[in-house]
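First the structure, in the form of structure tokens, and then the observations on it.
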2 protein chains.
Amino acid sequence: MSTRGAPSPRRPPAPAGPDHHALDTDLGFALGLVFRRYLRSAGAVMADLPGGPRGYQVLAEAAGNNAGTQLALAQRLGIDRTVMTYLLDDLERAGLVARRPDPADRRARRIVATEVGQVRLAALDRELRRAEEHLLAPLDGPDREAFRELLCRLAGHAQALDPATSACQVVAEVTGSGCPGEGTGSR
Amino acid sequence: MSTRGAPSPRRPPAPAGPDHHALDTDLGFALGLVFRRYLRSAGAVMADLPGGPRGYQVLAEAAGNNAGTQLALAQRLGIDRTVMTYLLDDLERAGLVARRPDPADRRARRIVATEVGQVRLAALDRELRRAEEHLLAPLDGPDREAFRELLCRLAGHAQALDPATSACQVVAEVTGSGCPGEGTGSR
DNA sequence: TATTGTTATACTCTATAACTATA
DNA sequence: TATAGTTATAGAGTATAACAATA
């Protein structure tokens, strides 16, 4: 459990009963199960991408020319700036992104995606789409849409409640990459 | 990213567009967002429980008298047996569970919840229930039920696809506690 | 003096392997 | 010889702090 008293899905109560496996009633556990399945597919897709999911994030920003400087990118994605250095080292070594001098500030580097990187990103996106569809496969058309809609409504609220949310921060937190200044000591 | 090319939620494509923030279409990201919100609440609930979410799992098993021996418990929950040792040390020190000699095998220990542990568990369960309800608050009655139902259907399929799934394993994997024999090297 | 990016150090957590005691 | 549990060691990953170049 990385830094915080890391939270989790679990299957809940049944006030005292010995047979403690009421999967149906446990929302958190079900969420975890479904999310994990998505993570697995997405993970497989990004398995050989340097930096994994975070590498994907960076690549996507770079490809959209949203990246800006290294620091800005790190802040936007909620990645530590020292980690960003390693991440970019790997992505650059793989020929997917490049660090270019910022004409306005000689300290800063602007991050851009190479052509190879853009092609790679497009391929990744296609595969991720497929993974999503695969996840929803058990639901038929109308149910699938209903689920999407309800989930998005929940997600909207969740995001409204703490707005400082980038996809990458979600990854980091959910995935156990710690948040500064906590530390449980639970071993 | 702990051991595997750890997967993640991300917001997807928009084939090339610079404004890359199509939250609505990204299932994985939405899932991550919602799940994280649950993790936060659940994490807060278990913040001062030794072992965090895994401690909860162990406590729940012990309280249900399902625990059996230490090894059996570890296997059932998908926890490494060495980790189980530390976990139980902490829980025992906190007076929540006890290791009792197994009458049939003097090597083994049977794990049971103390009275304090049972009370604590009941309180935790109540709070977790509330956290669940809070998560679903944005949906009204029928929508809430619909969401639960759809999610459980997906979860059922997910579980069917890899049956060796305990709640604790889900925690471990989703949360970044690695799975043996992988290692990306992505830094 | 403050800031961008890099490098080095410390800390947390997990897994692997060695060890003790029973079987 | 194999198994339950414990302890010790090493590896992966992150954050913290010190550093160089520029503003």
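Numbered from 1 within each chain, the chains take letters A, B, ... in sequence-line order.
Minimum atom distance to the side chain of B:Y86 is reached by D:dT7, of the listed C:dG5, C:dA18, D:dT7. Taking only side-chain atoms of A:R107, from C-beta outward, the nucleotide of C:dA2, C:dT7, D:dT6 with the closest atom is C:dA2. Of the candidates D:dG5, C:dT22, C:dG5, C:dG5 carries the atom nearest the A:T85 side chain, counting heavy atoms from C-beta on. With D:dT6, C:dT14, C:dG5 as the choices, the nucleotide that has an atom nearest any side-chain atom of B:R54 turns out to be C:dT14.
Residue A:D102 is classed as having no contact, given no heavy-atom separation below 4.0 Å to the nucleic acid. At a threshold of 4.0 angstrom between heavy atoms, the contacts of A:R99 are confined to the sugar-phosphate backbone, with no base atom among them.
Mapping A:A108 and A:T82 onto DNA chain C by nearest heavy atom places A:A108 at the nucleotide closer to the 5' end. For the pair A:R106 and A:R81, nearest-nucleotide mapping onto DNA chain D gives the more 5' position to A:R81.
Note: CG (B:D89) to P (D:dA8) measures 12 Å, nearest angstrom. Regarding B:L87, its CG atom lies at a distance of 18 Å from the P atom of C:dT12, rounded to whole Å. Between the CG atom of A:L88 and the P atom of C:dT4 there is a distance of 15 Å, given to the nearest Å. When rounded to the nearest whole Å, the span between CG of A:D105 and P of C:dG5 equals 8 Å. In this structure, the CD1 atom of B:I111 is 10 Å from the C1' atom of D:dG5, given to the nearest Å. In this structure, A:M84 places its CE atom 17 Å from P of D:dT16, rounding to the nearest Å. The CG-C1' distance, from A:L71 to D:dA23, rounds to 14 Å in whole Å. Atoms CD (B:Q70) and P (C:dT22) sit 15 Å apart, rounded to a whole Å.
The base of D:dG5 is not paired with the side chain of B:R109 by any donor and acceptor separated by under 3.5 Å.
Taking 4.0 Å as the cut-off between side-chain N and carboxylate O, A:E149 and A:R144 do not count as a salt-bridged pair. Ion pairing between a basic and an acidic side chain is recognised when a charged N comes within 4.0 Å of a carboxylate O; B:E115 and B:R120 show no such pairing.
Between the side chain of A:T114 and the main chain of A:G95, a donor-acceptor pair closer than 3.5 Å is present.
Under the 3.5 Å distance criterion, with hydrogens and angles disregarded, no donor-acceptor pair is assigned to the side chains of B:Y86 and B:D80.
Evaluated for a side-chain hydrogen bond (donor to acceptor under 3.5 Å, both in side chains) with B:D102, the options B:Q70, B:R110, B:R109 yield exactly one hit, B:R110.
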